[in-house]
Amino acid sequence: MKDIKKPKKMQLIFYAAIMFVVLILNAVVFPALINQSVKKVDYGTFLKQVENKQVSEVEIQQNQIGYVIVGEDGTKTVYITGRMDDPDLVNRLYASGVKFSSVIPDETSPIISGLLSWVLPLIIFIALGQYFGKKMQGKMGGLGGGMAFGKSNAKVYMEAQTGKTFADVAGQDEAKEALQEIVDFLHNPNKYKDIGATIPKGALLVGPPGTGKTLLAKAVAGESKVPFFSISGSEFVEMFVGMGAARVRDLFKEAQAKAPCIVFIDEIDTIGKSRNSSGMGGNDEREQTLNQLLTEMDGFAPDTGVVILAATNRPETLDKALLRPGRFDRRIPVELPDLQGRESILRVHAKKVKMAGDVDFNMIARATSGASGADLANIINEAALRAVRMGRTEILHSDLEESVEVVIAGYQRKNAVISMKDKLTIAYHEVGHALVAAMQQHSAPVHKITIIPRTSGALGYTMQVDETEQVLMSKEQALDKIATFMGGRAAEELVFKTVTSGASNDIEQSTKIARAMVTRFGMSEEFDMMALETVNNPYLGGDTSLMVSPDTSARVDAEILKIIKSSHKRAADILEENKAKLHELAKYLLEKETITGEEFMAILSKQEC
Ligand code: ADP
Ligand code: MG
Ligand code: ZN
């Protein structure tokens with residue numbers, strides 16, 4: 001309890017300091033100020049000025065005379081002179097027509113002036129002290145230099161109306177359907193109360209970044225026409241212990257006052273991490289915050305009309321207590337959009353910009369498999385920016401195509417200096433990919449080949465676009481994919497009899513597929529359907545951890561190598577068989593820098609006839 005003594009000591013010091021300052025003010029500063037503004041003159045000067053009718057006002061005090069002279073420019077100057085025993089003074093003043101008075105020595109004045117000069121400053125200082133003290137408390141998170149805990153001033157973002165509706169969210173039909181019930185409840189709770197149903201207190205939106213979780217939460221508030229409180233998980237966890245919990249308390253207090261409303265906790269994983277996952281010591285602050293959240297969620301009755309939505313892309317790390325019935329018992333997946341979803345997201349965002357009639361949204365959607373809603377919104381915006389750069393007033397299909405590539409591979413590096421020899425190597429490399437892809441049964445068609453370097457570091461690339469969305473990947477497709485990746489390097493070897501660093505990304509990608517085939521997809525003979533790897537966080541990059549003995553791990557590696565080697569060989573064979581086409585296509589590409597899938601196929605089939 002040593003904290004209790006500390007504030008008192010601080011206060012004593014504080015008041016002592018104030019007394020000191022007031023003392024200085026009264027003893028030195030005020031008199032000096034007064035002396036400065038008043039001119040002292042001798043009695044003779046005073047009499048002369050009265051006779052010359054310069055003086056306009058005189059006040060006779062007990063032992064001094066104060067008077068005012070108004071200058072020609074209208075400024076008033078106050079003079080003081082000592083009071084002489086001058087019986088004629090009144091007559092003199094009367095004669096010169098001065099307004100004059102005598103002040104009765106004021107008996108109470110010491111008290112009043114004492115009050116004014118001692119107590120008033122004290123009050124002002126104390127008020128100031130309290131004000132700044134409070135401010136400091138706010139800033140320092142309740143630990144204002146030993147002063148008592150304060151209110152947390154939780155940074156809650158309250159929007160009376162979010163202005164978003166379900167129409168702003170394209171695709172995500174399952175998520176919308178699940179949330180529709182919450183909207184309905186907020187609209188007319190009685191329907192649910194009458195039958196005795198309890199609406200879920202909380203729903204957890206789970207999915208990869210950029211899929212529209214935040215947008216959906218806002219849309220729920222917008223559809224229900226209720227206030228929207230939002231706070232991000234990371235804001236709960238601050239420097240000072242106890243703040244997070246205080247914020248949770250404040251948030252729920254405010255929300256309950258504004259019910260019906262929606263409370264949205266973004267990135268809930270930052271506070272909701274499983275309490276036993278951090279091992280020894282743990283994180284006290286986070287645990288306190290989480291405990292407070294659990295308490296608050298239990299604390300209010302389900303019919304208060306406060307609905308809690310939360311979003312996360314790491315659901316596997318959440319504490320089980322958060323997920324039990326009565327808390328976030330609803331779990332709403334918000335997945336990456338499928339082909340149709342992507343197309344409708346593009347259309348929703350296209351409404352906000354000026355589009356030309358030639359835009360093929362379906363094609364763009366097909367070319368952006370794996371893109372999130374945020375990526376697609378970005379693509380539309382990039383296209384609009386490009387259209388402006390080109391001096392157009394509408395967005396053309398070509399703008400969209402280019403912006404897809406910008407989002408995938410970065411901007412074109414038009415002035416990158418690449419030697420002719422390197423350009424030739426890159427051309428053969430890319431045509432190698434394209435040829436292997438075209439000569440296989442299970443590869444997606446080639447859409448575009450380019451050797452214009454991009455800011456992402458890509459020196460060129462071959463874009464393949466599927467006709468339809470692939471949900472499953474067969475073993476044949478996987479193997480063809482790997483062989484296509486190998487095609488670039490295989491072409492370099494065939495033509496230049498040497499290898500370059502240009503295949504590093506191909507190597508990485510193909511190894512990833514081969515590893516997944518062995519460890520997760522059960523596509524190897526050696527391990528059959530044995531699970532060797534688990535995915536740690538499916539929504540964030542999807543890194544995996546191997547769960548096998550070192551011995552098995554070595555055999556897994558051998559199996560992966562076997563797949564890669566045989567695919568490499570297959571790619572080399574395909575190119576060997578089509579060597580003439582390889583040369584012709586590479587020359588054409590070198591000349592044109594970018595060729596379309598149609599041009600590519602035209603050259604390919606022309607040779608075959
Ligand atoms: P998350 O919270 O899941 O990371 P956001 O809700 O913040 O993603 O989405 C970011 C942006 O992406 C949104 O503001 C919106 O412009 C766009 N977006 C994402 N998903 C969709 C969708 N389904 N429909 C329309 N726009 C979307
Ligand atoms: Mg978000
Ligand atoms: Zn390559």
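Just so you know, ligand 1 is whichever comes first in the structure, and atom 1 is the first atom listed for that ligand.
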Item to check | Total protein N/O/S atoms whose distance from the Mg ion (ligand 2) is less than 2.8 Å | outcome: 1

Next on the checklist: Report whether any nitrogen, oxygen or sulfur of Asp506 sits less than 2.8 Å from the Zn ion (ligand 3) (N, O or S, backbone or side chain).
Outcome noted: yes

Item to check | Flag for His442-Glu476: side-chain donor and acceptor within less than 3.5 Å | outcome: no

Next on the checklist: To check your reading of the model: name the closest protein heavy atom to atom 18 (N) of ligand 1, its residue, and the distance in Å.
Outcome noted: Gly373 C, 3.7 Å

Checklist entry - Which residue holds the protein heavy atom closest to atom 26 (N) of ligand 1, what is that atom called, and what is the gap in Å? => result His349 NE2, 2.8 Å

Checklist entry - Which of the numbered atoms in ligand 1 are below 4.0 angstrom from a heavy atom of Asp168? => result 24 (N), 25 (C)

Next on the checklist: Hydrogens and angles aside, do Glu493 and His568 bring a side-chain donor and acceptor to less than 3.5 Å of each other?
Outcome noted: yes

Checklist entry - Should you measure from each heavy atom of Pro209, which atoms of ligand 1 turn up under 4.0 Å away? => result 4 (O)

Checklist entry - Which protein heavy atom lies closest to atom 14 (O) of ligand 1, and at what distance to 0.1 Å? => result Leu215 CD1, 4.5 Å

Next on the checklist: Closer than 3.5 angstrom, by distance alone: can the side chain of Glu223 be matched with the main-chain N or O of Thr165 as a donor-acceptor pair?
Outcome noted: no

Item to check | For atom 10 (C) of ligand 1, the protein heavy atom that lies nearest, with its residue and separation | outcome: Ala374 CB, 3.9 Å

Checklist outcome for this item: re atom 4 (O) of ligand 1, the protein heavy-atom contact at minimum distance is Gly210 N, 2.7 Å

Item to check | His433 NE2 and His429 NE2 subtending at the Zn ion (ligand 3) (10° steps) | outcome: 90°

Next on the checklist: With a 3.5 Å distance limit and no angle check, can you tell me whether Gln172 reaches the backbone of Thr211 through a side-chain donor-acceptor pair?
Outcome noted: yes

Next on the checklist: Could you check whether His583 and Tyr428 have their ring centres less than 6.0 Å apart?
Outcome noted: yes

Checklist entry - From atom 24 (N) of ligand 1, is the closest protein heavy-atom distance below 4.0 Å? => result yes

Checklist entry - Have Asp269 and Thr312 got a donor and an acceptor in their side chains that come within less than 3.5 Å? => result yes

Item to check | Step-by-step side-chain hydrogen bond (donor to acceptor under 3.5 Å, both in side chains) determination, Ser443 to Gln440 | outcome: CA-CA 6 Å; Ser443 306; Gln440 291 177 132; 3.1 Å; yes

Checklist entry - Short list, please: which atoms of ligand 1 are under 4.0 Å from a heavy atom of Gly212? => result 1 (P), 3 (O), 5 (P), 6 (O), 8 (O), 9 (O), 19 (C), 20 (N)

Next on the checklist: Only heavy atoms of Val169, strictly under 4.0 Å: list the atoms of ligand 1 that pass.
Outcome noted: 23 (N), 24 (N)

Next on the checklist: Looking at Ser474, is its backbone amide N or carbonyl O close enough to the side chain of Gln477 to form a donor-acceptor pair, meaning the two atoms are under 3.5 Å apart?
Outcome noted: yes

Next on the checklist: Treating Asn578 as the side-chain partner and Ile574 as the backbone partner, does any N or O pair qualify as donor plus acceptor under 3.5 Å?
Outcome noted: yes

Item to check | Side-chain H-bond candidate by donor/acceptor type, Ser372 with Asp375, under 3.5 Å | outcome: yes

Next on the checklist: Please list the nearest protein heavy atom to atom 2 (O) of ligand 1 with its residue and the distance rounded to 0.1 Å.
Outcome noted: Thr214 OG1, 2.6 Å

Next on the checklist: Can a side-chain donor-acceptor contact be found between His429 and Asp506 if the only test is distance below 3.5 angstrom?
Outcome noted: yes

Distance-only check: which donor-acceptor pairs under 3.5 Å involve side-chain atoms of residues 585-592, not counting sequence neighbours?
| residue | atom | partner | partner atom | Å |
| --- | --- | --- | --- | --- |
| Tyr588 | OH | Glu599 | OE2 | 2.7 |

Item to check | Enumerated ligand 1 atoms positioned under 4.0 Å from heavy atoms of Ala170 | outcome: 22 (C), 23 (N), 24 (N), 25 (C)

Item to check | Polar contact flag, side-chain donor to acceptor under 3.5 angstrom, Glu492-Thr425 | outcome: no

